[in-house]
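Read the structure below first, then the notes.
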Amino acid sequence: MPGNQQGRLVHDLEGATVRQEWGTVRENPIRFDAEEAARMVEELNAVHAGAFNLFYLVRKHYWTAEGAEQGDVAAFLEDAYQRLREISDAFAQRIVELGGVPASTPPQLQKYSPVHLEAENLYSLRASLEGDLEAYATLVACLRDAVPVAKETGDEGSRELLEDRLKELEADADTIDDYLDSDTLVGGR
Amino acid sequence: MMSQNPDSHLRRPPESELRQRWDTVEENQLRIDPDDAAEIIDLLNRELSGLYILFNQLRKHYWTLEGAETGQVEATLQENADRVSELTDELAIRAHALGGVPVNGPMGVRQHATLRIETGDVYDLRSALENDLNAYATLAVQFREGVERANELGDERTVELLRSGLLALERDAHAIERYLEDDSLA
């Protein structure tokens, strides 16, 4: 939550047992060195949180495109936001496999995410897509930065995941770039 | 890797690209009275805030599941999250068509919130599922109120969306309830 470190909405679950605290890394089932795992978890939380935020940006713009009757763009954005959810899910699940805890509260996500959310007004579709393109570039850079760390730590599983998802993100960024170059885009509400 | 104060980092396109400010209502093309539309947008935004929190709570729970026999629980939570996501799109697009700005970020979620967000710690599965069930129960009450009010205001399309959403929420809550009745659940 912006300007709200703990976030008034965030609360302890009463009567529940904590299985694992946020910020800790425990012995992982794949027997990966604990220190290396902790380093990788840090990197992957940035990727996960970045995809999490980009999901919300793209979905908001899907609504905008739908409202502006930009059918093609809307259909693409709908697919793209679903891919982003899968990406955020995949990295969150990888973090758990490594013995870590994925960021889940708004303050944690905003702390880790390299991708910034948009002010909560509605903007023209063109300005919205320009922001998306920039955000994709930021997220792609974040994944690229994590690849050498995966290589150094010998974490093949994370490396493969990063490389696969990089291709997907680059393809979607290209499509947005094409929309921005074309004349079909009107300034939707 | 980490950004600083999130507040100052919100992306703000130039004013010339602004189409509508958060928390404002514009005329709609649906011939619904503007005051009525404003009230319906408000109730849709309340549902959207709740769905936002439930969606991410379900995701947190399927991300962090572990142990035997959790495969099925994981699949159920994922399917439930899919439905919450579809429902969110439908209600957001409706709020927009009515001339409103749908809840689309943390400020809007907080402004309309009727649910709270779990801390980032990982809890035991039974407590997590109980919290999901509570969230579903709160949302079901809200949706019923929404159906009633939209009906009084004569917005049939919104009534229809909320009714089918309510059915889906009730069905999905029941699927979670069945796991909780199972004693073997850790």
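Atoms considered below: every heavy atom in the structure, side chains included; atoms not considered: hydrogens, waters and symmetry mates. Residue numbers begin at 1 in each chain, while the letters A, B, ... track the order of the sequences.
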Open item on the list: Counting heavy-atom pairs closer than 4.5 Å to chain A, which one of B:A92, B:A128, B:P13 comes out on top?
Closed with: B:P13

Open item on the list: Working note: A:H116 + B:L10, criterion side-chain contact (heavy atoms from CB on, under 4.5 Å); need CA distance, chi angles, decisive distance, verdict.
Closed with: CA-CA 6 Å; A:H116 303 304; B:L10 284 182; 6.0 Å; no

Open item on the list: Strictly below 4.0 Å, N to O, side chains only: are A:E168 and A:R165 in salt-bridge contact?
Closed with: yes

Open item on the list: Tell me if the centroids of the rings in A:Y112 and A:F52 come within less than 6.0 Å of each other.
Closed with: no

- [ ] Treat each ILVMFWY residue as a node, draw an edge where side-chain heavy atoms are under 4.5 Å apart, and state whether A:I176 and A:L166 are in one component.
- [x] yes

Task: Exercise: identify the closest heavy-atom pair between B:Y123 and A:R19 - done: O-NE, 3.2 Å

Task: chain B-proximal positions within residues 55-62 of chain A [heavy-atom distance under 4.5 Å] - done: A:F55, A:Y56, A:R59, A:K60, A:Y62

Task: Proximity breakdown for B:S85 and chain A, heavy-atom pairs closer than 4.5 Å - done: both

Open item on the list: Grouping I, L, V, M, F, W and Y whenever their side-chain heavy atoms are under 4.5 Å apart, do B:V109 and B:W22 come out in a common cluster?
Closed with: yes

TODO: Tell me, for B:D23 versus chain A, whether the close heavy atoms (under 4.5 Å) come from the side chain, the backbone, both or neither.
DONE: neither

- [ ] Looking only at non-hydrogen atoms, find the nearest pair between B:L44 and B:T158 and report the distance.
- [x] CD2-CG2, 4.0 Å

Task: Which atoms of B:A81 approach chain A - backbone, side chain, both or neither, heavy atom under 4.5 Å - done: both

Task: Distance-minimising heavy-atom pair for B:T119 and A:S104 - done: O-OG, 4.3 Å

Task: Donor-acceptor contact below 3.5 Å, side chain A:E120 vs main chain B:M107 - done: yes

Open item on the list: What part of B:R59 gets within 4.5 angstrom of chain A, counting heavy atoms only: side chain, backbone, both, or neither?
Closed with: side chain

TODO: Name the region of A:Q82, side chain, backbone, both or neither, that has any atom closer than 4.5 Å to a heavy atom of chain B.
DONE: neither

- [ ] Could you tell me whether a side-chain N or O of B:Q20 sits under 3.5 Å from a main-chain N or O of B:G99, the two making a donor and an acceptor?
- [x] yes

Task: Non-hydrogen atoms of B:N104 and A:A119 that approach each other most closely - done: OD1-O, 4.5 Å

Task: B:E148, CD: over 12 other non-hydrogen atoms inside 6.0 angstrom - done: no

Task: Residue part contacting chain A, namely of B:D89, when any heavy atom lies under 4.5 Å - done: both

Open item on the list: Report, in residue-number order, which members of residues 129-146 of chain B are under 4.5 Å from chain A by heavy-atom distance.
Closed with: B:N131

- [ ] May I ask whether B:L30 and B:I93 are part of the same hydrophobic cluster, defined by side-chain heavy atoms of I, L, V, M, F, W, Y residues being less than 4.5 angstrom apart, directly or through others?
- [x] yes

Open item on the list: Please give me the minimum heavy-atom distance between B:L65 and B:L77, naming the atom from each residue.
Closed with: CD1-CD1, 4.3 Å

- [ ] Quick one: do A:M40 and A:V149 satisfy side-chain contact (heavy atoms from CB on, under 4.5 Å)? Show the steps, please.
- [x] CA-CA 7 Å; A:M40 204 61 228; A:V149 181; 4.0 Å; yes

Open item on the list: Is B:E74 close to chain A through its backbone or its side chain, or both, or neither, when contacts mean heavy atoms under 4.5 Å?
Closed with: side chain

TODO: Report the C-alpha separation of B:N45 and B:L48 in whole Å, then their side-chain angles, then the decisive distance to 0.1 Å, and conclude whether the side-chain contact (heavy atoms from CB on, under 4.5 Å) test is met.
DONE: CA-CA 5 Å; B:N45 272 337; B:L48 286 170; 3.5 Å; yes

Task: Any donor-acceptor N/O pair, B:K60 side chain to B:V122 backbone, under 3.5 Å - done: no

TODO: Check each atom of A:E21 against the heavy atoms of chain B and say whether the ones under 4.5 Å are side chain, backbone, both or neither.
DONE: both

Open item on the list: Heavy atom to heavy atom, less than 4.5 Å: which residues from residues 159-171 of chain B reach chain A?
Closed with: none

Task: Interface residues of residues 83-103 of chain A facing chain B - non-hydrogen atoms under 4.5 Å apart - done: A:R85, A:S88, A:D89, A:A92, A:Q93, A:V96, A:V101, A:P102, A:A103

Task: Salt bridge present between A:R39 and A:E42 (N-O < 4.0 angstrom) - done: no

Task: From CA spacing to verdict: side-chain contact (heavy atoms from CB on, under 4.5 Å), A:L109, A:H48 - done: CA-CA 9 Å; A:L109 290 157; A:H48 154 61; 4.1 Å; yes

- [ ] Tell me, for B:S16 versus chain A, whether the close heavy atoms (under 4.5 Å) come from the side chain, the backbone, both or neither.
- [x] neither

Task: Over all atoms of both residues, closest heavy-atom pair of B:N28 and B:A97 - done: CB-O, 3.5 Å

Task: Residues A:Y123 and A:N121: side-chain donor-acceptor under 3.5 angstrom - done: yes

